[in-house]
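Numbers restart at 1 for each chain; the letters A, B, ... are given by sequence-line order, proteins then strands.
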Amino acid sequence: MVLIPSGFPLFSIDKRNAAAFAYSQLQSLNFSAHCEAATAIRAALLIQRWYRQYAARLEIRRRCTWNIFQSIEYAGEQDQIKLYNFFGFLMDHFTPASTERNLISHIFRKNEFCHDTEWERYFCYKSIEVTDSYTGPHLTFPMTFCGVLKLVEAIKHKQQLHARYVLQLFGETWRLLRIFPNINQISAYQNKQITICGDLHGQLEDLLLIFYKNGLPSPEKPYVFNGDFVDRGKNSLEILLILFGFLLVYPNDVHLNRGNHEDHIVNLRYGFTKEVLGKYRVHGKKILKLLQKIFSWLPLATVIDNKVLIVHGGISDTTDLDAIARVDRHKYGSALRLPKPTKHAVNGSKTQTIHNREACGPVEGRRRVCSLTNYSSGPTHRQDLPRRSLNNEQLNWSLEKELKKRRRLAGFDQSYGELKKSDCDSDLESGERTETDVGEWKQIVDVLWSDPMAQNGCIPNEVRGGGCYWGPDVTEEVLGRHNLQLLIRSHECKQDGYEFCHNRRVLTIFSASNYYEVGSNRGAYIRMGPDLVPHFIQYQASRTCRELTLRQSVGWTERSALRALREQLFIHRSDLISAFQELDPNNKGMISLMHWASATEKVLNLGLPWRVLRPQLVSSTQYGMVDYQQWIRELSITEPKQEISDNSILETMYKNHSNLETIFRIIDTDHSGLISFEEFRQTWKLLSSHLQTEISDKAIADLAQSIDFNKDGVIDINEFMEAFRLVDISAHT
Amino acid sequence: MADSTQSAEAIVSDVHKKIKAAFEAFVYESNNSVDVREIGTIIYSLGCFPTQANLHNLIAEVEEDHTGYVHLDKFLPAMTRVLLEHKFPSIPEDLLLQAFEVLDKENKGYLEPEELTKYMTQEGEVFTQEEMDEMLTALADHEKNLVYYKDLISQLTIDPDI
């Protein structure tokens, strides 16, 4: 036993006092040889203790960063739905003057045609010529495996597919999807491993990484893609081309579920619309319209061996797979809004409309004779579709034949005037909203938008603004009722790419890595064999992030999150200052940290741990007090958009800039990027009534003048946004 | 007299708020409990530098028997005592530097990964392999693959004041 100078025997140290002991020991630097080893141990203890603290601090910062991104993301989705509801409200209740009526009537993208043949003519690619200057891939149809490979290679080499081929590929996809049932029924028989992927959100690198690690889709390697292929990332279109390409080649082995982002209204806001119009300036609008149809025809769910249910969002306490199997899923072009109810008319006369909607032509009889989706005497399972790869011509013929046969049997007449059944989109006639319609709509929204929660019960999902939060008891009840053992869903980003909950009865799978920022999360996919046990493969798509140290990786993500958060704080600065002043009755200009945290939460309503975040947001505090005016000023210094002057109109616009951009895109019906001054004024009026702020015509005219677009009477959207430095920087990269 | 009582109460109240805020960042359910595996992180985030032994003892005090959860009701008083009594004080920079220098026997000014690994995984409250990998990723200079501890200490010491 070694005695240390201070008199404490080494081996009887109570670990509880190790800290104090280490301190006292290292104070005395004259080490004798006997002490050396002991000292090294104590040094090690100290370093370990210090490092663990440091790592834990990093972890908590990462956790907060995560919460920031999530809360801002969901708040954005909520805005979207509010916006849509705003327009819905107007449509339902407003009887505007005639000029404004024309404007509003555009908003829900009225269908000019009702009949599929009309649509087919509109979408026809045949008139689009491929000139010699085109250097991209040439596709031939029907699609073959080699054709898809060629397409994937071309996309990898950043070649852009010609609009003609895009329309052709999407046209074929549309036709194929229409004969699929609402719920894909598949099986992991014969030792097949099924691969299940979650959200991709336009991140092509992740899809390519999955194919690289796991292999391409084939009859031996079936895939399920669980929705949200588009929006946010830069390559949503390329992902669709690849997924639909494989779908056309292997319709029995590639299964696509619809996600909440497969929705043209959501796309207006989250980038997909912009991407398409940017890449295809001439034909973009047509492509988008065709995609709108395709999205509405995407199946809603996939079931493996009657035991595993795969849907994009989740379930609610009223989820009923039989009901879902029966709906006319294509009626729901956008799941955000209940489609206008349909009149059960027998004759072909036009119905009168009370709500100033322009009727789109002859009425369709909504009382179905039978529908394509639940036609029972033909094959309802895709296993029965003949396989593609070898004998292409034969397959093409048989699909066409199949389609024709079904239409005939459905009482479907080809001629425009005698239409008995339509499979065009919704929002046509006014009338009584039936309970069935509402019930059906709810089934779909719940399945696309819901999130799990830890507590029992089922409550509306107010964070997203659609669907619900469902608890473990609902999982048990719904799975039990349908005799299922597992629910696989996506919809929420997870740190490790996947996460179990509800007693491992619910599994979230998310395949977009680095979703919020480089290093923020891994992506993952599932492989599942006949035993239906999920196995996970994780990855992270960016080369750079592997090289980052832990600290740097957290730092990057954190910086990005904090920037986003500072932006939000800046946007709300007037409200913040008012809230602070309420807590500072003597006008000292200072409030306590506690008050700062509670007031900020009250204004921003993001549910973030402000006290924990404080060191990153408030640079200086004195004795636990914050000089809030200075803090707000500092926010504007660090915020690059600070040049916006303190003008209430501008601030209101800036606060709602993403809403405003969405509105502009909706108003700009021909997607030309130009709107007239009159349309601009009306837009402003609509927005101001929704926001309950008063803005005079003169103020709007002044605003217009300051942007100087009176010269030609039209506004280029980009110019307008640029004027307020609201242009998305990514559009220029 | 009244004033000093006031300020004592205010101090305790402030400490309570700090603890609640840190705790709530890890609450995912509505029952005001956190997973016991997060307690260490919460304690560290409040600016404390406990040893693993310290942590185990504290957790034993506050865990709801064998549930794997810790409720705020038990955590709050225990943690308040910790903070008010400064039970797990931070490590001053100079002390940390000395500790590194002790391990750097040849006084090179840096540590090689193997050296550091040997100590961290064999002495004291040893690191798991995962912790060791993370530490090297975090601390080692990328190009030279050496741990320049002097620079690190100043860069990495984080302001513990919440």
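Residues A:Gln540 and A:Asn514 bring a donor and an acceptor atom of their side chains to less than 3.5 Å of each other. Using a 3.5 Å distance cut-off with no hydrogens or angles, the side chains of A:Asn521 and A:Tyr516 do not pair a donor with an acceptor. Donor-acceptor pairing under 3.5 Å is recorded for the side chains of B:Gln129 and B:Asp133.
Residue contact with chain A, scored on non-hydrogen atoms closer than 4.5 Å, is absent for B:Gln122. Neither the backbone nor the side chain of B:Lys87 comes within contact range of chain A, judged by heavy atoms closer than 4.5 Å. With a 4.5 angstrom heavy-atom cutoff, B:Phe88 does not touch chain A via any of its atoms.
Considering only heavy-atom pairs separated by less than 4.5 Å from chain A, the leading option among B:Glu101, B:Glu123, B:Lys105 is B:Glu123.
Looking at every heavy atom in both residues, A:Gln48 comes nearest to B:Val126 through NE2-CA, 3.8 Å.
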